[in-house]
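Reading through the structure tokens given below for one structure.
The structure presented is a predicted model; accordingly, all values stated were derived computationally and were not measured.
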Amino acid sequence: MIVPSPPAWERAPGDAVSRVISRNMSAYGSAGRFSGLGSALLSQFQAGVTHYSQSVQQSPPRVQGATYGAVSALQPASLHGNGEDQMSLTITTKSGVEVKLSLDSQGDGLAVQMSNSGELSDEESKALAGLSDAFQKAIDGMTQSTPKLDLGGLMQFDQTVLSSVNLHAQVQLPHGQEGVQTLDFKVDDTQRKISFSGAAGTLDLKVDPSQAVTLGSKGQQAKALASYMKQFDQAATRGQGDANLMAMFKDGFSALHSNISAPQADSASAASDSKWRLAPGDKAILTGLADFSASVAQKVAYSNPMRSSEKDTFNYDVAQKTSLSGSQDNRSIRQEQTTKLSASYHQSLVPNVPLNLTTDSASQNYTFHQIEDTATSVAQVGYKDGKLVRASLEQTSSQSAQVLKYFLGKLESDKTTPGGGHVQRDLMPILGPYRTGEVGLNDEQKEQRRQQALLSLGDDVLLQSYPGQIMTS
């Protein structure tokens, strides 16, 4: 008689992590298999557990009367590092201790492992355990049917105790789709990176936090982030970008720019970087954000079998680069922001009626849109012998929207709508030592007016991909 076999465990399953594993074994898919498991594993540091290994494998049904020894010979420990779905977290402390955690799942088994390269202090153990919920949120985001980048919690690690956090995720695509979706997340003192690949497309985001002197206040950074979020929404609307992929792009961009601040004027880091002390006017021409490059590329779709050359695409790139040169009294500061959108898509001639393009010319009633937009903003100042001698802001944008209209498979119109503009401003009247309109004002009033001018300038330097335009396509 065929009867179910007992599961084969790597070690006796009497602890808290094993209980989570036992509960999750009956779940189908990575979301259920990893539910609460990352949090349970990382929380072990709070209890002083620094090394842990457990795995379980469900054996095939056996003939009644067969010994359990044949089942236990399956050696479930071999699951470590070999799962179809994998999660791994590597954290390095300021003292140099490397901590590694891994989760593996496959159809008939589940495994977790945790190790570290040296002794951990109580403070380090507490900081590690404090990331347990954040680790679980990152796992849950990657394993849900519509993936989400929930990395904000991991970005809040204690930077006085921990020096780097690296997460790698690989899970099977849901709903019977072939292939996997992957995530690599790396953060340390010199770099912050996110790389994602999935069914909808790919993301690549990088932030350079090393040039701390150019960073702005929390308020300035929040204002710049809000402006970029608006830019991303405009690009997604104009290019008909995938909503879920763009949501991940926005979440990743926001996460990488979080928990990063300018050094205090009297801090040790500021003193060690005494070559650069930026004046309020210098800060006003900057976004306050760390330099970055970010791109999103949607998977190419061929939705019109009659015209394979018409591809549905969405590619968006955005970047910021800041350079400082010279010496303190003869410094030059330049910050360039750029965006580029390249997209194409099909749209029904009848609003709210979805397209169903086939090789039948009767179905070929649509417009095909091709979007090419770019924008650049360059702000710069220069000093000679400690005095401001030049300050400028130059912004350029270019837009092109080509629309091909087909009815019953025949081209009825081909229209291209160009757009764009160019603005160049001399900022010396705002930033220079002498300003008009201040006759009769006392020093306090002059300073108040200057602060208002700097705040206004801070708004003006933020990149506007489509300045003053209501986006339509």
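- In this structure, Arg307 fails the cation-pi test against Tyr302, since its NZ or CZ atom is not both closer than 6.0 Å to the six-membered ring centre and inside 45 degrees of the ring normal.
- For the pair Leu183 and Leu167, the minimum side-chain heavy-atom distance is below 4.5 Å.
- Side-chain contact between Thr376 and Gln395 is absent, with no heavy-atom pair separated by less than 4.5 Å.
- In terms of the salt bridge (Lys or Arg N to Asp or Glu O under 4.0 Å) criterion, Lys186 has no residue partners (sequence neighbours excluded).
- Between the side chain of Ser348 and the backbone N or O of Val353 there is at least one donor-acceptor pair closer than 3.5 Å.
- Once rounded to the nearest 0.5 Å, the distance linking CD1 of Ile91 with CZ of Phe157 reads 9.0 Å.
- Looking at Gln370, its side chain never comes within 3.5 Å of a backbone N or O of Ala401 through a donor-acceptor pair.
- Judged purely by atom type and a 3.5 angstrom limit, Glu124 uses its side chain to pair as donor or acceptor with the backbone of Ser121.
- Between the side chains of Asn315 and Ser342, no donor-acceptor pair is found at a separation under 3.5 Å.
- For the pair Asp140 (side chain) and Lys137 (backbone), a donor-acceptor distance under 3.5 Å is absent.
- Under the rule for a side chain to side chain donor-acceptor pair (under 3.5 Å), the partners of Lys250 that lie at least two apart in sequence or sit in another chain are Asp233.
- Taking OG of Ser95 as the reference point, atom CG of Leu162 lies at 9.5 Å (rounded to 0.5 Å).
- When side chains are defined from C-beta on, His369 counts as touching Gln347, because their heavy atoms get closer than 4.5 Å.
- Nearest heavy-atom pair across Leu154 and Ala138 is CD1-CB, 4.0 Å.
- Counting heavy atoms from C-beta on, the side chains of Gln402 and Lys415 never come closer than 4.5 Å.
- Between Phe253 and Phe292, the ring planes are perpendicular. Angles over 60° get that label, and only those under 30° would be called parallel.
- Residues Val187 and Val207 are not in side-chain contact: their nearest non-hydrogen atoms beyond the backbone lie 4.5 Å or more apart.
- Of the N and O atoms on the side chains of Gln320 and Thr287, at least one donor lies less than 3.5 Å from an acceptor on the other residue.
- In this structure the side chain of Val296 never reaches within 4.5 angstrom of the side chain of Thr202, judged on heavy atoms.
- Side-chain atoms of Asp104 and His80 form no donor-acceptor pair, as typed in the model, at a separation below 3.5 Å.
- Annotation: the span from Leu205 atom CG to Ser295 atom OG amounts to 7.0 Å, rounded to 0.5 Å.
- The backbone N or O of Val378 sits nowhere less than 3.5 Å from a side-chain atom of Glu394 that would complete a donor-acceptor pair.
- With a 6.0 Å radius and a threshold of 12 heavy atoms from other residues, nucleotides or ligands, Lys218 has its NZ atom above the threshold.
- Note that CG of Asp204 is 10.0 Å distant from CD1 of Ile194, once rounded to the nearest 0.5 Å.
- Taking OG1 from Thr92 and CG from Asn166, the interatomic distance works out to 7.0 Å, rounded to the nearest 0.5 Å.
- By the neighbour-count criterion of 12 heavy atoms within 6.0 Å, atom CG of Asp122 is sparsely surrounded, having that number or fewer from other residues, nucleotides or ligands.
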Audit row: His346, Asp312, side-chain contact (heavy atoms from CB on, under 4.5 Å) steps and yes/no: CA-CA 7 Å; His346 295 80; Asp312 296 298; 2.9 Å; yes
Could you walk me through whether Val318 and Thr338 pass side-chain contact (heavy atoms from CB on, under 4.5 Å), step by step? CA-CA 6 Å; Val318 58; Thr338 59; over 6 Å; no
Decide yes or no on side-chain hydrogen bond (donor to acceptor under 3.5 Å, both in side chains) for Tyr228 and Gln337, but give the supporting numbers first. CA-CA 11 Å; Tyr228 271 110; Gln337 304 169 70; 2.7 Å; yes
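- For the 3.5 Å distance criterion, the side chains of Ser400 and Glu372 fail to qualify, holding no donor opposite an acceptor.
- A side-chain contact (heavy atoms from CB on, under 4.5 Å) with Leu286 is found for exactly one of Ile333, Val461, Val381, namely Ile333.
- There is a side-chain donor-acceptor pair under 3.5 Å between Asn304 and Glu310.
- By the 6.0 Å contact criterion, CD on Gln191 is enclosed, its count of non-hydrogen atoms from other residues, nucleotides or ligands being greater than 12.
- Gln46 CD to Ser125 OG: the interatomic distance, rounded to the nearest 0.5 Å, is 8.0 Å.
- The main-chain N or O of Asp385 is found under 3.5 Å from a side-chain atom of Asn330 such that the two form a donor-acceptor pair.
- No side-chain N or O of His168 forms a donor-acceptor pair with one of Ser88 less than 3.5 Å apart.
- Here the side chain of Asp291 pairs a donor or acceptor atom with the backbone of Thr322 at under 3.5 angstrom.
- The pair Asp189-Lys94 counts as a salt bridge, with a side-chain nitrogen and a carboxylate oxygen less than 4.0 angstrom apart.
- Not a single donor-acceptor pair under 3.5 Å links the side chain of Arg238 to the backbone N or O of Asp373.
- Of the possible polar contacts, one joining the Gln136 side chain to the Phe34 backbone as a donor-acceptor pair under 3.5 Å is found.
- By the 4.5 Å heavy-atom criterion applied to side chains, Thr93 and Asn116 are not counted as neighbours.
- Side chain of Gln380 to backbone of Arg334: no donor-acceptor contact under 3.5 angstrom is found.
- Salt bridge absent: Asp184 and Lys193 never bring a charged side-chain N and a carboxylate O closer than 4.0 Å.
- Asp414 has no carboxylate O lying under 4.0 Å from a charged side-chain N of Lys405, or vice versa, which leaves the two without a salt bridge.
- Between Phe232 and Tyr316, the ring-plane angle classifies as perpendicular under the 30° and 60° cut-offs.
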Decide yes or no on side-chain hydrogen bond (donor to acceptor under 3.5 Å, both in side chains) for Thr160 and Asp158, but give the supporting numbers first. CA-CA 5 Å; Thr160 65; Asp158 189 341; 2.5 Å; yes
Test side-chain contact (heavy atoms from CB on, under 4.5 Å) on Leu324 and Leu278 and set out the steps. CA-CA 10 Å; Leu324 293 85; Leu278 301 191; 4.1 Å; yes
side-chain hydrogen bond (donor to acceptor under 3.5 Å, both in side chains) between Arg33 and Thr143, worked out: CA-CA 9 Å; Arg33 283 294 182 89; Thr143 56; over 6 Å; no
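- In this structure the side chain of Ser117 never reaches within 4.5 angstrom of the side chain of Lys100, judged on heavy atoms.
- Checking Thr190 against Ser210 by side-chain atom types alone, no donor-acceptor pair falls below 3.5 Å.
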Go through the steps for Ser465 and Thr339 under the test side-chain hydrogen bond (donor to acceptor under 3.5 Å, both in side chains), then give the verdict. CA-CA 7 Å; Ser465 299; Thr339 66; 3.2 Å; yes
Using the side-chain contact (heavy atoms from CB on, under 4.5 Å) rule, take Met114 and His51 through it: C-alpha gap first, then chi angles, then the decisive distance, then the call. CA-CA 5 Å; Met114 180 173 70; His51 289 78; over 6 Å; no
